[in-house]
Structures are given as C-alpha cells and as structure tokens.
Amino acid sequence: MNTNFELLGNRVIDSLNNTDIITNNKILKSIDKPTIVSGVGGSSVVSEFTSKVLSDKNNIITENREPRDCKYKTLNGYSNIIACSYSGNNLGVDLSFDNELKHYLLSNNSREDCTNITYKTTIDKEKSFISLAGTLIPISNILTYYFDGDKDRVIDLINNYYSKYNFNTNCNAYEIFTGSDTSTVSKYLESTLVESGIGIPIVHDKYSFCHGRSTIGLEYNNNCIFINTNTKLDKLLLDNIKDHYNEIIIIDSDYKDKYEREFDMLIKSMYLTKYIAESNNKDLTYVEYTDFNKNLYKYNGEV
C-alpha cells in the first residue's frame, strides 16, 4: 500500500505525459448527444466524474449507471454509452455495449468494437485490490479535457497535495455527508470502505440528513466524514452535529473551480482511507477477502 501511494502521483503524471490528449479530447468534444457513462467498483468513481464533466463541458444530458442497469433501465433518449474500465475487458463493458447505442471505451487498453479513448502508462501498472492510480489516472485525463488540454494545471493539483489526519478510528460506522457536487469523493469513500473492509459507510445527502437521518447517530458510536464546500447548509450542519459524533473528519479544499476542488478532495479522501487502513493494521493493496470473491469477480453469464 505504501508503495502504491508513493507512486500514485508519478503514475498519474506519467499517464498525462504519455497519453494522446489531443486525440482523446477531439473524441470527447464530438460527443454531443445524451450519453450514459458506466463503470463498476473503482471505475464507477471514474464514470461519475466523467458523466458530470461531459454534462457541463458538452452541454448534454448524461447519466452515470452501473453496467447491470444498462440491461434493466430504458435506453430511450440516449445516443451514446461510455464504458469506463481500466482493463477494458470484463463483463461490465460487455453489458454496457450490449445495445444499439454508439459505444465508447475509456480505458488503459483498446478493443475493436467501439471508439477508444485510451490513456497510456509506462510505469509498471498498479497491482492492488483497491484501485488508486487505476481510478485517479482516467479522472485526471478527463479533468485535462475540462481544462481544454492544460495537463500542467492537473499536474499542479497533484504536486500541491498535502494532507495529514489524526483521529480515533474506533467507531461502528462512518457517516459520509455529500451531494451531487461531491459525489465522486463519496463514491470513492463508500466503495473503498466496503471493498477493503476497513469501515462501514452510511452515505447522507446533506439536505436529506435534515429530514430525520440524524437518528442513527443516537444509537451507534459513529464517526462523521463531512465533505465540505462551505455552503450555508454545510455551516448549519457542522454547527449542529459538532457533539453528535465520536469524530468529525472534514474534507475540504481551497480551490474555487468545482472540478479542481472535487479532484483535490478525491486525493484527500484516498489518503484518508490510507490513514483508516493503517490505524486498523489493514492494507488497501493486499485485502483479506472471501473465498468465493474470485468466482463472483470472474462471472460472465446472465445478469
């Protein structure tokens, strides 16, 4: 885990320096009709961020979906689907492409049955149960598209990172306060806490919390992870919950641009999970998992 965190920044920068950003951005810019973006696990974090950037940048309707949902929710009204997958070769991608929409693949690899938006790496690939570089690399490439190809602006975000945590991790669960503006961060936290087994996440939409969701904190000894964007609601919530939790961990950012801010907070959330893992003598790279996990992971049949 420590090695993967030490290499995280270098792996992202390596990808930005070796990817054909101009070609990728031309492809992304050409997507001008309603689009589904799909991903599972760590790639669902990528698909969430990609969906939001395309909606704002291309002024189109987008939706982030789990791959299985592409079989059960209507595709009416959509023209494109982008599958996000580091390998580009799994059931999730096949499910996303089992339709008549135009298919795109955002991946470290390419395939013949779609338009490829490929990010390149030259540093040895990350080997980890929890995707760190595998999540941050494609997101950094999409952020570069948002910045009109200015990769140096993304590199500065990575190089300027600093975060230090110190809190008691002895709790029943982590209650995560978020919203659509910070959904990439909360998706990473929820996915990583569950998949690594380092904590139980409870995700609150901030306004929904105002409608009765504080009750669970009366019954259990929980920590709070508050993704803070300094709105009036944020300040009201923080003032009211200050004595409600065992610990309140605040993730915030000084960046004004909403995607710079979310990218910055995503990096901070990764180091937050590293702290929680270390405090519990766990490793995000080598996770103790169930005997049947490999059978489920490799499943390739009807869903």
Side-chain angles (χ1 to χ4, degrees), residues 1-29 31 37-54 57 82-90 92-93 104-111 114-161 184-185 187-188 191-192 255 257 259-260 262-271 273-274 284-285:
M1 179 175 69
N2 288 329
T3 298
N4 281 326
F5 271 95
E6 288 170 2
L7 290 174
L8 180 59
N10 288 337
R11 281 174 167 149
V12 174
I13 293 170
D14 169 73
S15 173
L16 292 173
N17 286 332
N18 287 282
T19 295
D20 186 350
I21 291 173
I22 294 175
T23 297
N24 283 353
N25 287 359
K26 284 181 179 179
I27 295 171
L28 289 166
K29 188 176 181 179
I31 300 173
V37 190
S38 180
V40 66
S43 291
S44 71
V45 185
V46 178
S47 60
E48 178 73 9
F49 189 81
T50 302
S51 174
K52 295 200 293 185
V53 168
L54 283 180
K57 185 76 172 177
I82 303 173
C84 302
S85 169
Y86 195 83
S87 68
N89 184 27
N90 58 36
V93 177
Y104 297 84
L105 176 66
L106 176 62
S107 178
N108 189 236
N109 295 305
S110 59
R111 48 193 284 172
C114 62
T115 300
N116 293 286
I117 307 167
T118 310
Y119 44 89
K120 298 295 184 182
T121 55
T122 62
I123 297 178
D124 61 310
K125 292 185 178 180
E126 177 183 62
K127 297 178 181 179
S128 178
F129 193 88
I130 300 298
S131 296
L132 299 167
T135 298
L136 203 58
I137 284 173
I139 286 177
S140 70
N141 276 270
I142 293 298
L143 186 60
T144 302
Y145 169 63
Y146 174 72
F147 289 150
D148 297 318
D150 187 357
K151 68 179 181 181
D152 291 333
R153 190 169 174 181
V154 182
I155 291 172
D156 285 342
L157 281 167
I158 298 165
N159 288 335
N160 289 337
Y161 172 74
T184 305
V185 183
K187 269 191 169 292
Y188 167 80
S191 173
T192 300
Y255 290 98
D257 178 272
Y259 290 119
E260 278 184 309
E262 191 165 21
F263 187 84
D264 181 47
M265 291 193 291
L266 175 61
I267 297 174
K268 289 176 179 177
S269 73
M270 289 183 167
Y271 279 86
T273 55
K274 178 177 183 287
L284 298 178
T285 293

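This is a predicted model, so every value here is computed, not measured. When a residue number appears, it is its place in the shown sequence, counting from 1. Atoms considered below: every heavy atom in the structure, side chains included; atoms not considered: hydrogens, waters and symmetry mates.
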Is there a side-chain contact between [X] and [Y] (heavy atoms, below 4.5 Å)?
X      : Y      : value
Lys125 : Tyr86  : yes
Leu157 : Glu260 : yes
Glu48  : Ile139 : no
Leu284 : Asn4   : no
Leu54  : Leu28  : yes
Lys151 : Asn17  : yes
Met265 : Thr184 : no

Please assess Asn2 against Lys274 for the test side-chain contact (heavy atoms from CB on, under 4.5 Å), listing each intermediate value before the final yes or no. CA-CA 9 Å; Asn2 288 329; Lys274 178 177 183 287; 3.3 Å; yes
How many angstroms lie between atom [atom1] of [X] and atom [atom2] of [Y], to the nearest 0.5 angstrom?
X      : Y      : atom1 : atom2 : value
Lys57  : Ile142 : NZ    : CD1   : 11.5 Å
Thr135 : Phe49  : OG1   : CZ    : 12.5 Å
Glu262 : Lys268 : CD    : NZ    : 13.0 Å
Thr192 : Ile130 : OG1   : CD1   : 5.0 Å
Asp20  : Thr118 : CG    : OG1   : 9.5 Å
Ile13  : Asp152 : CD1   : CG    : 10.0 Å

For the residue pair [X] and [Y], what are the closest heavy atoms and their distance?
X      : Y      : value
Leu266 : Tyr188 : CD1-CB, 3.6 Å
Leu105 : Cys114 : CB-SG, 3.6 Å
Ser107 : Ser87  : OG-C, 3.6 Å
Ser47  : Gly39  : OG-N, 3.5 Å
Thr144 : Asn25  : O-ND2, 4.2 Å
Met270 : Leu8   : SD-CD2, 4.1 Å

Under the ring-ring contact (aromatic ring centres under 6.0 Å, His included) definition, can you give me all pairs with a residue in residues 130-156, not counting sequence neighbours? Tyr146-Tyr259
Residue that, paired with Ser15, satisfies side-chain hydrogen bond (donor to acceptor under 3.5 Å, both in side chains) out of Thr121, Asn141, Asn10: Asn141
For Ser140 and Tyr119, which I'm curious about, is there any donor-acceptor pair between the side chains at under 3.5 Å? no
Tell me whether [X] contacts the main-chain N or O of [Y] through its side chain, where contact means a donor paired with an acceptor under 3.5 Å.
X      : Y      : result
Arg111 : Gly88  : yes
Arg11  : Asp124 : yes
Thr19  : Ile21  : no

Counting only heavy atoms from other residues, nucleotides and ligands, does the tally under 6.0 Å from CG of Asn89 exceed 12? no
Flag the pair Lys120 and Asp14 as a salt bridge only when some basic side-chain nitrogen lies within less than 4.0 angstrom of an acidic carboxylate oxygen. no
One pair to check against salt bridge (charged side-chain N to carboxylate O under 4.0 Å, His left out): Asp148 and Lys29. What are the steps and the verdict? CA-CA 10 Å; Asp148 297 318; Lys29 188 176 181 179; over 6 Å; no
